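Following: one structure in structure tokens, then a few remarks.
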Amino acid sequence: MNRLRLGLLAFGGAGLAALLVAACLDLPGFGGGSHPYDTRAVHASLARHTANTIASVNFDQRAYDTLGEMSILFASVLGCVVLLRQARDEHRAEPEPAEVARPVRRYALIVLPVALVTGLYVVAHGQLSPGGGFQGGVVAATALHLLYLGSDYGALERVRPLAVFETSDAVAVSAYLVLGVAGILAGTAFLANTLLPYGTFNTLSSGGTVPLLNAAIGMEVASAVVVLLAHFLDQAVEIEEEHGK
């Protein structure tokens with residue numbers, strides 16, 4: 001069995017090495033004044049009224065790749081949920097509120113709404129300025145956990161009902177897929193940015209489907225991070241083995 005595993009590892013590693021070498025040999029010359037993708041990416045971004053070229057690349061020109069990245073996150077969180085589920089030899093103990101230093105409490109409770117609004121702002125303006133669904137989703141999700149630092153675990157549990165975030169995670173992934181299928185039904189291609197008008201350049205309503213896909217990613221990332229941290233915190237705070245260790 002060990003030889004078989006090593007053989008599969010060697011075969012996969014050799015294939016990956018061959019692909020990397022082939023890709024490196026086909027790269028543009030080092031230090032050149034032009035790149036085969038830079039002009040095309042910027043032109044496509046401006047043509048579809050997306051001020052942030054990175055968002056145009058992520059949610060328009062290679063939106064299919066972004067679907068793969070989102071699927072990896074979704075599958076990773078799902079795997080952690082399965083691995084960290086409460087076992088039969090474990091039970092839940094009601095967490096006792098810890099004493100929090102007054103400066104820490106004040107800072108956390110003051111920063112929490114600012115961080116949450118900042119995360120939502122980054123998601124909403126992803127097609128206009130640096131950031132987007134991935135970054136804003138992480139900021140918004142971690143902002144909620146300032147309540148744990150500034151208050152106690154019970155307060156955090158009340159503001160993040162886990163079932164709601166698990167559902168919103170699945171809904172966000174489904175929304176991304178539905179937008180992709182809508183392109184096929186419209187007679188173009190999967191995730192093609194042809195469903196909506198491109199709007200006025202450098203406004204919230206610009207970019208066609210880019211803002212919608214960006215919002216779906218923000219919702220999925222925020223929900224996934226909340227669910228992931230919830231299960232890790234459960235293990236650290238609530239779940240104990242039957243013999244009390």
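Predicted model only: the values in this text are computed from it and were never measured.
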> Cut-off 3.5 Å, side chains only: do T188 and T194 have a donor facing an acceptor?
Replying inline: yes
Would you say [X]'s side chain and [Y]'s backbone share a donor-acceptor pair under 3.5 angstrom?
X	Y	answer
N52	S129	yes
N214	G133	yes
H43	T39	no
S223	E220	no

Hey, could you give me the [atom1]/[atom2] distance between [X] and [Y], rounded to the nearest 0.5 Å?
X	Y	atom1	atom2	value
Y176	T66	OH	OG1	4.5 Å
L191	L67	CG	CG	6.5 Å
Q127	N202	CD	CG	9.5 Å
C80	H231	SG	NE2	9.5 Å
L228	L78	CG	CG	11.5 Å

>> Tell me every residue that passes ring pair (Phe, Tyr, Trp, His ring centres under 6.0 Å) with Y148, counting only those two or more places apart in sequence or in another chain.
In response: Y153
Considering only distance and modelled atom types, tabulate donor-acceptor pairs under 3.5 Å from the side chains of residues 4-25, sequence neighbours left out.
none

>> Is there a side-chain contact (heavy atoms from CB on, under 4.5 Å) between L213 and N193? Walk through the geometry before answering.
In response: CA-CA 10 Å; L213 294 174; N193 189 0; over 6 Å; no
